[in-house]
S.K.: 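Here you go, one structure.
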Amino acid sequence: MRLYQKILCFASLGAFLICSCREQSQGGHKSSVKFDQYFVKGEQLYQMNCSNCHQKNGRGLGRVYPPVDTSDFIDNKFQDVLCLLRYGRKGEIIVNGKMYNQAMPPPALTDLEIAEIATYLYNNWGRKRGIVEVTDVSQKMLNCIADSIQ
C-alpha cells in the first residue's frame, strides 16, 4: 500500500509540474492554449493570404512589396496594420525609410482571423507582443478611416 501512495504522490507532483509549466515561452513571452491556437492559425492565414507578396520569411519582394519581418510600420502602427488587414491599401507607404506603391487588396478576413494574423505578426521575427484579442480588433476596426486606406 505504501508503494501505491508514493506512486500516486509522484504522479500528482508530476502532473502539477507539467500544468504549472504550461506557460512555456513562445517567442519570449508566456504561452497559453489560446495564444498557441491564435499563433498557429495566424501563421496558416499568413501563408494563405500574405506570403505570396510579403514572402513566407516576411522579407517582402524587393521594392515591390514591403517586408513585415523587420518593419518600422508594423512596429509603430498597430492600428494601421489592423486596418490594412481589413481594408487593404492603395497608394504610397513608407516602410523602413523606403517608399512602396503597390496596392494591397483587402483580404476579406473576419475580426478573429485578423486577430490571429496579428498575433502571428506581432510574436514572430523578434516581436513579443502576446495575444491580440479579437475584442481588441473589433474595437479598433471602429476607428479605421476608410478613405485614408483605400
Side-chain angles (χ1 to χ4, degrees), residues 11-150:
S12 297
L13 179 61
F16 171 77
L17 290 174
I18 289 170
C19 290
S20 66
C21 292
R22 178 64 195 112
E23 291 189 355
Q24 299 170 345
S25 177
Q26 171 78 25
H29 60 79
K30 291 187 177 182
S31 183
S32 69
V33 172
K34 185 176 179 181
F35 171 84
D36 292 343
Q37 289 171 336
Y38 272 49
F39 186 87
V40 169
K41 184 64 176 177
E43 181 177 23
Q44 293 168 350
L45 288 164
Y46 175 86
Q47 297 305 325
M48 290 185 328
N49 294 285
C50 311
S51 69
N52 192 43
C53 298
H54 298 288
Q55 307 304 300
K56 185 175 184 177
N57 62 12
R59 293 188 184 139
L61 189 59
R63 295 298 299 264
V64 181
Y65 299 108
V68 295
D69 62 342
T70 54
S71 167
D72 59 352
F73 188 88
I74 299 270
D75 294 340
N76 300 320
K77 299 189 177 199
F78 180 70
Q79 168 82 35
D80 292 342
V81 170
L82 297 180
C83 294
L84 282 172
L85 288 169
R86 167 61 47 80
Y87 297 108
R89 183 181 185 107
K90 292 179 184 172
E92 296 178 356
I93 185 172
I94 305 294
V95 177
N96 300 335
K98 296 178 183 170
M99 194 267 298
Y100 297 85
N101 196 9
Q102 186 69 19
M104 178 180 152
L109 300 167
T110 66
D111 286 0
L112 176 59
E113 291 168 328
I114 291 170
E116 291 165 338
I117 291 174
T119 297
Y120 175 71
L121 286 174
Y122 284 96
N123 292 282
N124 202 7
W125 300 299
R127 296 183 188 100
K128 300 171 186 164
R129 184 182 183 105
I131 193 167
V132 176
E133 295 284 354
V134 67
T135 53
D136 192 32
V137 169
S138 297
Q139 183 62 37
K140 294 207 180 294
M141 286 299 127
L142 300 174
N143 299 323
C144 291
I145 302 169
D147 56 357
S148 70
I149 295 167
Q150 298 179 13

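Bear in mind the structure is a predicted one, so any value in this text is a computation, not a measurement. Every heavy atom of this structure was used, including side-chain atoms; hydrogens, water molecules and symmetry mates were not. By convention here, the first residue in the shown sequence is residue 1.
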S.K.: Are any side-chain N or O atoms of Thr119 and backbone N or O atoms of Phe39, one a donor and one an acceptor, separated by less than 3.5 Å?
M.R.: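 Between the backbone of Phe39 and the side chain of Thr119 there is no qualifying donor-acceptor contact (under 3.5 Å).
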
S.K.: Specify the closest pair of heavy atoms between Thr70 and Asn96, including all atoms of both residues, with the distance to one decimal.
M.R.: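 So the minimum-distance heavy-atom pair works out to O-ND2, 2.6 Å.
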
S.K.: Side chains of Lys140 and Cys83: does their closest heavy-atom pair fall under 4.5 Å?
M.R.: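 Answer no - side chains too far apart.
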
S.K.: When rounded to the nearest 0.5 angstrom, what distance separates CD1 in Ile117 from CG in Asn49?
M.R.: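 Between Ile117 CD1 and Asn49 CG, I get 5.0 Å after rounding to 0.5 Å.
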
S.K.: Is there side-chain contact between Trp125 and Val68, with at least one heavy-atom pair below 4.5 Å?
M.R.: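 In short, these two side chains touch, coming nearer than 4.5 Å.
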
S.K.: Could you tell me whether Asp80 and Arg89 make a salt bridge, using a distance below 4.0 angstrom between a side-chain N and a carboxylate O?
M.R.: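 No, no charged N to carboxylate O under 4.0 Å.
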
S.K.: Atom CZ in Arg63, atom OH in Tyr100: separation rounded to 0.5 Å?
M.R.: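 One gets 6.0 Å once the value is rounded to the nearest 0.5 Å.
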
S.K.: Check whether Glu43 reaches the backbone of Tyr120 with its side chain - one donor and one acceptor, N or O, closer than 3.5 Å.
M.R.: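 Side chain of Glu43 to backbone of Tyr120, a donor-acceptor pair under 3.5 Å: no, none is there.
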
S.K.: Between His54 (side chain) and Pro66 (backbone), is there a donor-acceptor pair under 3.5 Å?
M.R.: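 Yes.
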
S.K.: So, Tyr122 side chain and Ile74 main chain: donor-acceptor pair closer than 3.5 Å or not?
M.R.: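 A pair under 3.5 Å: yes.
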
S.K.: Minimum heavy-atom separation for Glu113 to Ala108, with atom names?
M.R.: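 Residues Glu113 and Ala108, closest heavy atoms: OE1-O, 4.3 Å.
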
S.K.: Looking at Glu133 and Lys34, is there a salt bridge between them, counting it only when a charged N and a carboxylate O are closer than 4.0 Å?
M.R.: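 Yes.
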
S.K.: When Asp111 is tested against each of Leu82, Val137, Thr135, Leu85 for side chain to side chain contact (heavy atoms under 4.5 Å, CB included), which residue passes?
M.R.: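 It is Val137; the other options fail the test.
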
S.K.: So, taking the atom named CD in Gln47 and the one named CG in Asn52, what distance separates them when rounded to the nearest 0.5 Å?
M.R.: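 So the CD of Gln47 and the CG of Asn52 are separated by 10.5 Å.
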
S.K.: As an exercise, state the distance from OH of Tyr87 to CE of Met104, rounded to the nearest 0.5 Å.
M.R.: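 Result: 13.0 Å between the selected atoms.
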
S.K.: Quick one: closest heavy-atom pair of Phe35 and Ile131, and the distance?
M.R.: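 Heavy-atom minimum between the residues: CD1-N, 3.8 Å.
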
S.K.: Identify the residue among Leu112, Thr110, Ile114 that makes a side chain to side chain contact (heavy atoms under 4.5 Å, CB included) with Val134.
M.R.: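 That would be Leu112.
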
S.K.: Residues two or more places apart in sequence or in another chain: which of them pass side-chain hydrogen bond (donor to acceptor under 3.5 Å, both in side chains) with Asp136?
M.R.: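 Counting only residues at least two positions away or on another chain, Asp136 forms no side-chain hydrogen bond (donor to acceptor under 3.5 Å, both in side chains).
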
S.K.: Could you tell me if the side chain of Gln55 sits less than 4.5 Å from the side chain of Leu61, heavy atoms only?
M.R.: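 SC-SC contact between Leu61 and Gln55 confirmed.
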
S.K.: Taking all atoms of both residues into account, what is the closest heavy-atom pair of Tyr65 and Cys53, and its distance?
M.R.: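 For Tyr65 and Cys53, the tightest heavy-atom pair comes out as CB-O, 3.4 Å.
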
S.K.: So, is the end of the Arg129 side chain (NZ or CZ) under 6.0 Å from the ring centre of Phe78 and within 45° of the ring's axis?
M.R.: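 Output yes; distance and angle both within limits.
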
S.K.: Check the pair Tyr38 / Val132 against side chain to side chain contact (heavy atoms under 4.5 Å, CB included), numbers first and verdict last.
M.R.: CA-CA 8 Å; Tyr38 272 49; Val132 176; 5.8 Å; no

S.K.: Roughly how far, to the nearest 0.5 Å, is the OH atom of Tyr46 from the CG atom of Leu121?
M.R.: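 The OH atom of Tyr46 is 7.0 Å from CG of Leu121, to the nearest 0.5 Å.
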
S.K.: Which of these passes side chain to side chain contact (heavy atoms under 4.5 Å, CB included) with Ser71: Asn76, Val81, Val95?
M.R.: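 The passing option is Val95.
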
S.K.: Taking all heavy atoms of Asp75 and all of Arg127, pick out the closest pair and write down the distance.
M.R.: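 Result for this residue pair: OD1-NE, 2.6 Å.
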
S.K.: I need the minimum non-hydrogen distance between Asn57 and Asp69, along with the two atoms involved.
M.R.: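 Smallest interatomic distance, heavy atoms only, reads O-CB, 3.7 Å.
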
